[in-house]
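The figures that follow rest on heavy atoms only: side chains count, while hydrogens, waters and symmetry mates do not. Throughout, a chain's letter reflects where its sequence line sits, starting with A, and its residues are numbered from 1.
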Amino acid sequence: MIPPAEPARRGILNWLLGLWGGGVVASVVYPVTRYLAPPEVPEAPTLSVGAGSAQTLAPNTGRVVPFGARPAIVIRTPAGELRAFAATCTHLDCTVQYRPDLQRIWCACHNGEYDLNGRNVAGPPPRPLDSYDVNVTGDEIVITRRA
Amino acid sequence: MRLRVWIDERLPLDDVLETLRHKRVPHHRYSVWYYFGGMTLFLFLIQVGTGALLLLYYRPSAAEAYESVQFIVSRVPFGWLVRSIHAWAANLMVASAFAHLFSVLFLHAYRRPRELTWISGLLLLLLTLAFGFTGYLLPWNTVSFFATRVGTDIAASVPVVGEGLVRFLRGGDDVTGATLTRLFGFHVAVLPGVATSLVALHLLLVQRHGMSIPPSIERRAADAGGIQSIPFLPHFLLRDLFAWTAVLAVLASLATFVPWELGAKADPFQPAPAGIRPEWYFLWAFETLKHVPPTVAGVNGELVAVALMGAVVLGAILLPLLVGASPRARAAVVWAGAGFLLFMSVMTGLALRAVTP
Ligand code: FES
């Protein structure tokens, strides 16, 4: 004969066991998942950088320069105009380059192409490149992120 | 002899030997495919050995990784050999794992009661690919740097958790030294731990169920009154060892005559060079990404591609549970497998044509 109180007591015990197990799992899983995600490292936002001499950038060529932690590309169009864009391809993050033969900005990774205004015109890139303002002080090209 | 008795009192060695002595392996015209699993295992062991050796000199940081590999291949005695073998064996291991997978698929060895063997094997293949992906970045050269940027960014197309996933893989927003350290940790600690336990399970299951006999052979054997077999000890084992020696010879010649290149050190502020590509076994996926338009029916193109590949992988894992015993279903498996193999080959061919001028 099982005393009638037994099932109830067992129920409570199982419930306590579950609570205990759940607590242990949660107290391991929570810190570990948080640990896996890298913390945001605050970085002074780069607003403007020097991008080298304007003179040495011939028409129909381009140059990749650091813009903070990311690359940027300055190009001189065949018409002689200076333009600057973020050099990170909007497709899958490769760094783009200027292709004089195409007169376009080109991404080697999957053959993406952008025109001289940074618009995605061929291949897989889904969005245009972010564009920066270009000024020349003395001979120095200065590129600035738009506010 | 005393030692033998001493051990035997503590470990059931005799039982194991006894079982092995009675173990027989079916022998028929497809038996050659039985050797690819063992070959993959052999290559895995080579990777463990050479990987441990590389660890003695390798330094996992953006500032030192490239230089340390350069040091290994140019200064450490036989360093070039160890590194080259590690790189080549990785490639052969992927190839032999794929050969093993497709032979098991085409010979229907995934059937009841070997469902778990198949599932653990498929997980091992995925782990092998993860080894390849994480190891690729470690020399910190240009090609691997951009391949890792592309590879990790693909995860961003996963809805909701995508961004978090990319940050988790990269250890930040960009591929940097933090990524290198992370992937290094996966490559030398997490993945080997998981892989070793899965290999143990896989082998245990293979041992328990024995080699599968293809249905066609089974049918013919039923008419002929039984199937031929050879003893595991020593016949099968010797053949296995022979295959391993052959693999070792191929590996040594490849490593010696076609040493694995190191390339140029990665520079995050250089444009991606032309001819950028991942390892050959990811080429088919890489080529597919080139042909996926930015949007498919209003949905992000990568997302569609990633979802499709995810579905294929999931389908492959669950295959033995999805396919019943009917010959029709088995024929469908063969067609699907052949179709996928063809797709991978065509895409790889296209990619190779694109990168070789
Ligand atoms: S990353 Fe630029 S086209 Fe794919």
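Residue with the most contacts toward chain B among His91(A), Arg127(A), His110(A): His110(A) (heavy-atom pairs, distance under 4.5 Å). Counting heavy-atom pairs closer than 4.5 Å to chain B, the top-ranked of the candidates Ala108(A), Pro66(A), Pro39(A) is Pro66(A). Of the residues considered (Ala156(B), Gly301(B), Ala178(B), Ala274(B)), Ala274(B) shows the highest number of contacts with chain A, using heavy-atom pairs under 4.5 Å.
With a 6.0 Å radius and a threshold of 12 heavy atoms from other residues, nucleotides or ligands, Arg119(A) has its CZ atom at or below the threshold. Atom CZ of Arg59(B) is surrounded by 12 or fewer heavy atoms from other residues, nucleotides or ligands within 6.0 Å. Atom CD of Glu140(A) has more than 12 heavy atoms from other residues, nucleotides or ligands within 6.0 Å.
Between Leu92(A) and Asp153(B) the shortest heavy-atom distance is CA-OD2, 3.3 Å. When every heavy atom of Arg149(B) is checked against every heavy atom of Thr88(A), the shortest pair comes out as NH2-CG2, 4.2 Å. Smallest separation of non-hydrogen atoms from Phe67(A) and Phe269(B): N-CE2, 4.5 Å. Taking every heavy atom of both residues into account, Cys109(A) and Val150(B) meet most closely at SG-CG2, 4.1 Å.
At a 4.5 Å heavy-atom cutoff, the contact between Glu302(B) and chain A is made by side-chain atoms alone. With a threshold of 4.5 angstrom between heavy atoms, Val64(A) approaches chain B through its backbone and through its side chain.
Within residues 122-132 of chain B, no residue has a heavy atom under 4.5 Å from a heavy atom of chain A. Residues of residues 166-174 of chain B that come within less than 4.5 angstrom of chain A, heavy atom to heavy atom, are Arg167(B), Phe168(B), Arg170(B), Gly171(B), Gly172(B), Asp173(B), Asp174(B) in numerical order.
Using a 4.5 Å cut-off on side-chain heavy atoms (C-beta onward), Phe146(B) and Thr95(A) make contact. In this structure the side chain of Pro268(B) never reaches within 4.5 angstrom of the side chain of Arg70(A), judged on heavy atoms.
Checking side-chain atoms of Gln97(A) against main-chain N and O of Ala272(B) turns up a donor-acceptor pair under 3.5 Å.
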